[in-house]
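Remember, it's 1-based here, ligands and their atoms both numbered in the order they're listed.
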Amino acid sequence: MLNSIRQKLFVYILTLISFVTIGAGIISTFELQKYFRAQLSRQMRTQIELIEFILKTPPATPPIYQYLTTYATSSHFRLTIINDAGLVLFDSKVPQDSLIFVENHGNRPEIRQAGEMGVGSDERLSRTINTGLFYLAIKIHSTLQSRHAFPSARYIRLSIPLQDIDEMMAAVQRKIIASGFIAFLIVACLSYFFSRRITDPLVKLTQIAEKIKHGGYDSGFSFETNDEIGQLSKVLDEMLRKLRDDVIQMDRLQKVRSQFLGNVSHELRTPIFTLQGYLETFLKSPHADEEKKRIFIEKAYKQAERLNMLLTDLIDISRIESGEMKMSFRYFSLQDWLQTLMADFENKARAAEIELALHLNTAMEKVQVFGDRQRLSQVMANLLGNAIKYNKKSGHVDILCKFERGKLKISVADTGPGIARKHHSRLFERFYRVDVQRSRDIGGTGLGLAIVKHIVDAHKGAIKVESVPGKGSTFSFLLKIKGSADRG
Ligand SMILES: Nc1ncnc2c1ncn2[C@@H]1O[C@H](COP(=O)(O)OP(=O)(O)OP(=O)(O)O)[C@@H](O)[C@H]1O
Ligand SMILES: [Mg+2]
């Protein structure tokens, strides 16, 4: 089994170079063989030309037959001279007196070929001397010379033992194999190092990724190369940077969430304990008079109410934050809406001895505002509730409307204690209260303005607070209106 890319790469390269060296070996052997044969034929032809010359001008002594036999033996070839009829006139391997026993050579392939084309060659086992031979025969023309040793000679044939040729070829082949093997070893070593060079960065990348998997987010993939691995590491680095940010974000969210959960349980605990306390006192004093009992029950009821409010707010805020709360935007009459709100809050204001007033000039009578009426009522309820709750004795609460930047600005102004500047930025956070004890006593949960901000944001209404400590506070936001273009 091949597991690592390096091993695979190495084996692929090895297979490739095996094929290449074996192929190169075969081709070079074949080509060399061809070249070798051609070279040999050329040499043999030169020899034959030389012999032809000797035949034309034979030496005086020794006798020509003996002279040629010695010449052929010392040159390691066999020489045969044949006439037109195929009769052997001379053979360096056959004594002169035995020539009559030599069979006719006219049908030998190389002789027939030479008869037709001037030159003929063949490779076979010689029946005459019983060894494998390579033959080359040439047809000669000038036989009319008086001094010619064999006047009827027509073919001169040279042959050399195949064994000699094969031995030479084998030696060459051995050299090819040896050099091929050495080349193979060198390339194998090189490819081992090259495959390492290619796979080492991958190994490093994997190690870094492994580190990151175990939380080492501060490690980086920086490879300063321009190749694919460099590009990959760049992409991974980018991914890692995003991942780091995500982790930080997630950590923060986690913190916010657990803080929220802590706040929620803390907020719930207070009314539950108080409720429990009243009920317990009630149960433990069976002989208390009816009036006292009624007070206990009333107080318990107040706590239950507070609990209910708190839970409603919590459900609202979690639905808003999870995106579950869908708004349904449409146009509705500003006047109608504010007058309905006024009717709802008049009693509450009167009970708190606060004077509540709606200021609408005639220009506002026909105005249609755009938004989710029910959610915007919730906004106003929170703002009016706060303005009534956090006010001075016999104070005022005013609802004011005016056009601003093509929109309608709604403000709720009170004559309460005001809010110091340092609280403004945190006022809209969940559970944030300026004066924790006072707010709790009044019955606030600290969620009201958080809900207000969410809803106003969904209307792109930019909630704002302005306040002069000791004088009062004004909360305001903007609403889109019908045909806003002509009002500016
Ligand atoms: N009109 C105001 N004048 C002075 N302080 C205010 C005013 N409105 C809000 N605050 C301060 O901001 C805090 C947050 O207000 P928010 O409406 O979110 O909570 P709450 O009124 O205490 O409770 P809830 O509205 O959930 O019943 C309040 O506790 C209060 O201290
Ligand atoms: Mg409130």
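Side-chain atoms of R42 and Q39 include a donor-acceptor pair closer than 3.5 Å. For the residue pair D316 and Q378, a side-chain donor N or O sits within less than 3.5 Å of a side-chain acceptor on the partner. One side chain, H359 or D398, offers a donor N or O that lies under 3.5 Å from an acceptor on the other.
Note on E466 versus K471: no salt bridge recorded, every NZ/NE/NH1/NH2 to OD/OE distance being 4.0 Å or above. Between E210 and K213, at least one side-chain nitrogen of the basic residue sits less than 4.0 Å from a carboxylate oxygen of the acidic one, meeting the salt-bridge criterion.
Among V452, T312, I451, D414, the residue whose heavy atom lies closest to atom 2 (C) of ligand 1 is D414. The heavy atom nearest to atom 20 (P) of ligand 1, out of those in G472, G446, A387, G448, is found in G446. Comparing I317, N386, L310 by heavy-atom distance to atom 21 (O) of ligand 1, the nearest is N386.
For F181, the CZ atom sits in a loose shell: 12 or fewer heavy atoms of surrounding residues, nucleotides or ligands are nearer than 6.0 Å. For R45, the CZ atom counts as loosely surrounded, since its 6.0 Å shell holds 12 or fewer non-hydrogen atoms of other residues, nucleotides or ligands. No more than 12 heavy atoms of other residues, nucleotides or ligands lie within 6.0 Å of CZ in F194, so this atom counts as exposed by the packing criterion.
By the criterion of a heavy-atom distance under 4.0 Å, both the backbone and the side chain of L449 are placed next to ligand 1. When heavy-atom distances to ligand 1 are checked against a 4.0 Å cut-off, N391 has no atom that comes that close, whether in backbone or side chain. Residue contacts with ligand 1 for K389 involve side-chain atoms from C-beta outward but no N, CA, C or O (heavy atoms, distance under 4.0 Å). Contact annotation for V434 and ligand 1: heavy atoms of both the backbone and the side chain come within less than 4.0 Å of the ligand.
R373 is linked by a salt bridge (Lys or Arg N to Asp or Glu O under 4.0 Å) to D336, counting only residues two or more places apart in sequence or in another chain.
Close contacts between ligand 1 and F475 involve ligand atoms 1 (N), 8 (N) [criterion: under 4.0 Å to a heavy atom]. With ligand atoms numbered from 1 in the order given, ligand 1 contributes 13 (C), 14 (C) to contacts under 4.0 Å with heavy atoms of Y432. Of all atoms in ligand 1, numbered sequentially from 1 with element shown, those under 4.0 Å from a heavy atom of D313 are 26 (O). Each of the atoms 13 (C), 29 (O) of ligand 1 lies under 4.0 Å from some heavy atom of R433. Atoms of ligand 1 found under 4.0 Å from any heavy atom of N382 (numbered from 1 in listed order, with element): 25 (O). Applying the 4.0 Å criterion to heavy atoms of L427 picks out, from ligand 1, the atoms 12 (O). Near S473, meaning under 4.0 Å from any of its heavy atoms, are these atoms of ligand 1: 3 (N).
Note: no N/O pair closer than 3.5 Å links I419 and ligand 1 by distance alone.
The nearest N, O or S atom of N382 is not closer to the Mg ion (ligand 2) than 2.8 Å.
For L400 against A413, the heavy-atom pair with the smallest separation is CD1-CB, 4.4 Å.
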